[in-house]
S.K.: 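Below is a structure I'd like to ask you about.
Values below: every heavy atom of this structure, side chains too, minus hydrogens, waters and symmetry copies. Source: prediction; values computed, not measured.
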Amino acid sequence: MDFRFNIILEYAPFFFKGVLWTVGLSLVGIFFGTILGLAIGLGKMVRNRLVRLPFDWYVHFFRGTPLFVQILLIHFGVMPMFTAQPNPLVSGAISLSLNAAAYIAEIFRAGIQSIDRGQMEAARSLGMTHVQAMRYIILPQAIKRMIPPLGNEFIVLIKDSSLAAIIAAPELMYWGRAMQGQYYRVWEPYLTVALIYLVLTLSLSKLLHRLERRYDA
């Protein structure tokens, strides 16, 4: 088997651009997924069943269906309702954010509920409102416990961003498929893409590990 490094060098600028879009999509998904996930997680903790029901079904839908299908539904079904020419990057970012929010919501819910109820009661007895107690007492303790599962979700999100290639979002996997289609080669494009994803995920794992150790200290 001859391994052609020359075509990898030829596509290097495209891979670099793809990495930037991959990181960008992942950061957008992480940012909005975390915000939406926190809101959904708090909604799932409401005692009123009717109020809690939409949040429950949101999590059920996005965790129970493939992200691949969600991307197709959002890009070809939802986005055309708002624009005649859906942008693949926008559709990909929205899909990743909505999908990540469902998983992050469960992480927030489990993390918050793992804190002893006495913490909330003590904060309320000191005159804090429920929001103040949640912000200053419960969440700071819960976040420390949520770092490992949140880190895992962020790593999964980076890898899942490759599915946006199916709607022609010019991220890393898109250029790997383009290279394979042009030269009809398998090892060069896909092995290169796999190694780049490995570097990205290992770097993020190292960063999260240092953050976790800092919180432990």
S.K.: How long is the span from the CG atom in Leu157 to the CZ atom in Phe154, to the nearest 0.5 Å?
M.R.: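 Going from the CG atom of Leu157 to the CZ atom of Phe154 covers 8.5 Å.
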S.K.: Going from CZ on Phe16 to CG on Leu172, what distance comes out if it is rounded to the nearest 0.5 angstrom?
M.R.: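 One gets 12.0 Å once the value is rounded to the nearest 0.5 Å.
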S.K.: Would you compute the distance between atom CG of Leu163 and atom CD of Gln70 and round it to the nearest 0.5 angstrom?
M.R.: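 Interatomic distance, Leu163 CG to Gln70 CD, rounded to 0.5 Å: 10.0 Å.
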S.K.: Evaluate the side-chain proximity of Gln182 to Ile7: yes if any heavy-atom separation is below 4.5 Å, no if none is.
M.R.: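 Not in contact.
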S.K.: Rounded to the nearest 0.5 Å, how far apart are CG of Leu38 and CG of Leu42?
M.R.: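 Atom-to-atom, Leu38:CG and Leu42:CG are 4.5 Å apart.
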S.K.: What is the distance from atom CG of Leu53 to atom NZ of Lys44, rounded to the nearest 0.5 Å?
M.R.: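 Here the interatomic distance stands at 10.0 Å.
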S.K.: State which residue, out of Tyr190, Phe14, Trp21, fulfils the ring-ring contact (aromatic ring centres under 6.0 Å, His included) condition with Trp175.
M.R.: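 It is Phe14; the other options fail the test.
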S.K.: Decide yes or no for Arg185 and Met179: does some side-chain heavy atom of the first lie under 4.5 Å from some side-chain heavy atom of the second?
M.R.: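 They are not in side-chain contact.
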S.K.: Would you say Leu98 and Ile74 make side-chain contact, with heavy atoms under 4.5 Å?
M.R.: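 A side-chain contact exists here, since the closest heavy-atom pair is under 4.5 Å.
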S.K.: Kindly indicate whether the side chain of Tyr11, heavy atoms from C-beta on, has any atom under 4.5 Å from the side chain of Pro189.
M.R.: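 Tyr11 vs Pro189: side chains apart.
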S.K.: Do Met120 and Met134 come close enough that some side-chain heavy atom pair is under 4.5 Å?
M.R.: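 Result yes, sub-4.5 Å side-chain heavy-atom pair found.
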S.K.: Using a 4.5 Å cut-off on heavy atoms from C-beta on, say whether the side chain of Ile166 contacts that of His75.
M.R.: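 In short, these two side chains do not touch, never coming nearer than 4.5 Å.
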S.K.: Kindly compute the distance separating CE (Met173) from CZ (Phe15), expressed to the nearest 0.5 Å.
M.R.: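 One gets 9.5 Å once the value is rounded to the nearest 0.5 Å.
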